[in-house]
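Single-structure report; data block below.
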Amino acid sequence: MTGQHTEDLSIRGFAPRPHLGAAAHRRALGEHLRRCRTGSGLTGKEAARNIGTSAPTVSRLEKGERTENTGGHATALLRLCGVTDRRELAHVLSIAEQGERPDAWESYGNAIVRWVQPLLALEPAAQRIMSYEPQLVPGWLQTAEYAELVVRAGFPDLDQREIGARARARVNRLGMFCREQDPPALVAIMDEDVLRRPVGSPGVMYRQIEHLIGLLKGELRHRINLHIAPLSMGMTGAVGHPIVHLRFADALLSDFVYLEQSEGARCVEGEGEAERYLSRIMSLSGMANPADLTLTQLEDRLQELATGRG
């Protein structure tokens, strides 16, 4: 973007929408500020010196991280870059105001571990979520009792209150697919073994599969595509950890990838590496059974459980 005329750049195409979450507003504003600054030929240090703040503050602002006086610093930076249109500056202030709201995970307080917070903050803004899960039912689709058992297994030292809060955070994420305005689409792939892996009593998995069937037959059937990767894929499709890829409708928001590990996660953004993980998930979805066969597979597995055959 270096060398682009600042007057050609506008953020008015990004409309403030509370349901997208605060993080999306901060990141969209940050990317716009970065483009304007580089388009004006300014370094971060030069910009900071001219608007009376520090280079680290400008860097955090452009990365979409929380800063003090975001609106004031943003408008000062834009004026420095030659932006004087009052409507443009007012629009920036409205986006900055949305970015100051709590992120989606904050209502659960300290119950949400640090490495999951970026994913929970950004996924409400996604146009499409693609996920691969080798061990568990994807988090958005878990029942409350299944989620509680999963959390307890992973964090056995937590008290029941914290376990319940984390489980609610998982279950409540389904709500974003139900909203009327800009709901994301979900393409989820899970290994066939997930349906046979004991989680609590047999009744827990029975009710979990009933829940999946209800989702695929209900109002969300056009927003959720669930693929089951058969064991016959073997090592060809083997990926040892969950992958979540977020794609956004707004050009100011770059792709985001969440790679979960045993006690942490790595987040990848932008082109290049993020595109590589998207390609991996697309390949897995191509090798997995088609989504239109999933309902039959789930119903067959439910019948097996009902008759005690598995």
Side-chain angles (χ1 to χ4, degrees), residues 104-105 108 111-126 128-144 146-156 158 163 166-174 176-177 184-199 205 208-209 211-212 215 224-231 233-248 255-269 273-289 291 294:
W105 59 268
Y108 301 97
I112 306 303
V113 294
R114 173 183 48 79
W115 58 82
V116 182
Q117 293 169 7
L119 173 64
L120 298 190
L122 278 175
E123 64 182 12
R128 185 194 66 199
I129 301 172
M130 296 194 74
S131 166
Y132 169 70
E133 175 54 72
Q135 301 291 332
L136 303 169
V137 171
W140 307 274
L141 310 180
Q142 293 177 5
T143 63
Y146 183 100
E148 282 202 15
L149 288 166
V150 169
V151 173
R152 183 176 289 112
F155 302 91
L158 291 182
I163 289 173
R166 293 191 188 189
R168 285 194 300 276
R170 291 192 182 206
V171 173
N172 291 346
R173 293 161 74 197
L174 184 65
M176 64 185 164
F177 301 105
L186 174 65
V187 179
I189 309 150
M190 69 178 187
D191 280 359
E192 184 179 8
D193 264 354
V194 172
L195 299 177
R196 300 185 178 278
R197 179 170 293 111
V199 177
M205 182 52 75
Q208 175 64 71
I209 294 175
H211 178 63
L212 293 175
L215 292 175
I224 295 176
N225 283 290
L226 178 61
H227 298 260
I228 296 177
L231 295 177
M233 279 174 48
M235 291 303 295
T236 304
V239 176
H241 56 81
I243 305 173
V244 180
H245 181 280
L246 306 182
R247 173 150 290 176
F248 308 92
D255 288 2
F256 176 90
V257 178
Y258 174 83
L259 306 169
E260 190 167 88
Q261 296 151 4
S262 58
E263 293 186 2
R266 187 165 71 92
C267 298
V268 177
E269 300 179 60
E273 193 173 7
E275 194 68 24
R276 179 166 65 85
Y277 282 106
L278 174 61
S279 176
R280 187 65 172 130
I281 297 180
M282 295 291 286
S283 176
L284 287 166
S285 68
M287 289 187 287
N289 293 325
T294 299

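In this text, all values refer to a predicted model and were calculated from it rather than measured experimentally.
Annotation for Val194 and Met205: closest pair O-CE, 3.4 Å, computed over non-hydrogen atoms. Of all heavy-atom pairs between Trp105 and Ala121, the closest is CD1-CB, 4.1 Å. What you find for Pro134 and Arg197 is that their closest heavy atoms are O-NH1, 4.0 Å. Annotation for Cys267 and Phe256: closest pair SG-CZ, 3.6 Å, computed over non-hydrogen atoms. Between Phe177 and Pro184, the shortest heavy-atom distance links the atoms CD2-O, 3.3 Å. The heavy-atom pair separating Ala167 from Ala147 by the smallest distance is CB-CB, 3.9 Å.
Under the 6.0 Å distance and 45° angle rule, Arg166 counts as a cation-pi partner of Phe155.
Judged by distance alone, with hydrogens and angles left aside, the side-chain atoms of Glu192 form a donor-acceptor pair with the main-chain N or O of Leu231 at under 3.5 Å. Judged by distance alone, with hydrogens and angles left aside, the side-chain atoms of Gln261 form no donor-acceptor pair with the main-chain N or O of Gly264 at under 3.5 Å.
For Arg168, the side chain to side chain contact (heavy atoms under 4.5 Å, CB included) partners are Tyr108, Ala165, Asn172, not counting sequence neighbours. Not a single side-chain hydrogen bond (donor to acceptor under 3.5 Å, both in side chains) links Tyr146 to another residue, sequence neighbours left out. Here Leu278 pairs with Arg128, Met130, His245, Arg247, Glu275, Met282 under the side chain to side chain contact (heavy atoms under 4.5 Å, CB included) rule; sequence neighbours left out.
Annotation: side chain of Asn289 is not in contact with side chain of Thr294 (no heavy-atom distance under 4.5 Å). Residues Leu226 and Leu215 fail the side-chain proximity criterion, which asks for heavy atoms closer than 4.5 Å. For the pair Tyr258/Leu246, no side-chain contact is recorded, criterion being any heavy-atom separation below 4.5 Å from C-beta on. Between Glu123 and Trp140 the shortest side-chain heavy-atom distance falls below 4.5 Å. Put simply, the side chain of Leu259 reaches to within 4.5 Å of the side chain of Ile243, judged on heavy atoms.
Here Thr143 contributes atom OG1 and Leu174 contributes atom CG; the two are 11.5 Å apart, rounded to the nearest 0.5 Å. To the nearest 0.5 angstrom, Asp255 atom CG is 12.5 Å from Glu273 atom CD. In this structure, CD1 in Ile228 is found 8.0 Å from CG in Leu212, a value given to the nearest 0.5 Å.
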Evaluation steps, side chain to side chain contact (heavy atoms under 4.5 Å, CB included), between Leu141 and Met190
CA-CA 11 Å; Leu141 310 180; Met190 69 178 187; over 6 Å; no

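Each of Glu148, His211, Gln208, Arg170 was scored for a side chain to side chain donor-acceptor pair (under 3.5 Å) with Gln142, with one residue passing: Arg170.
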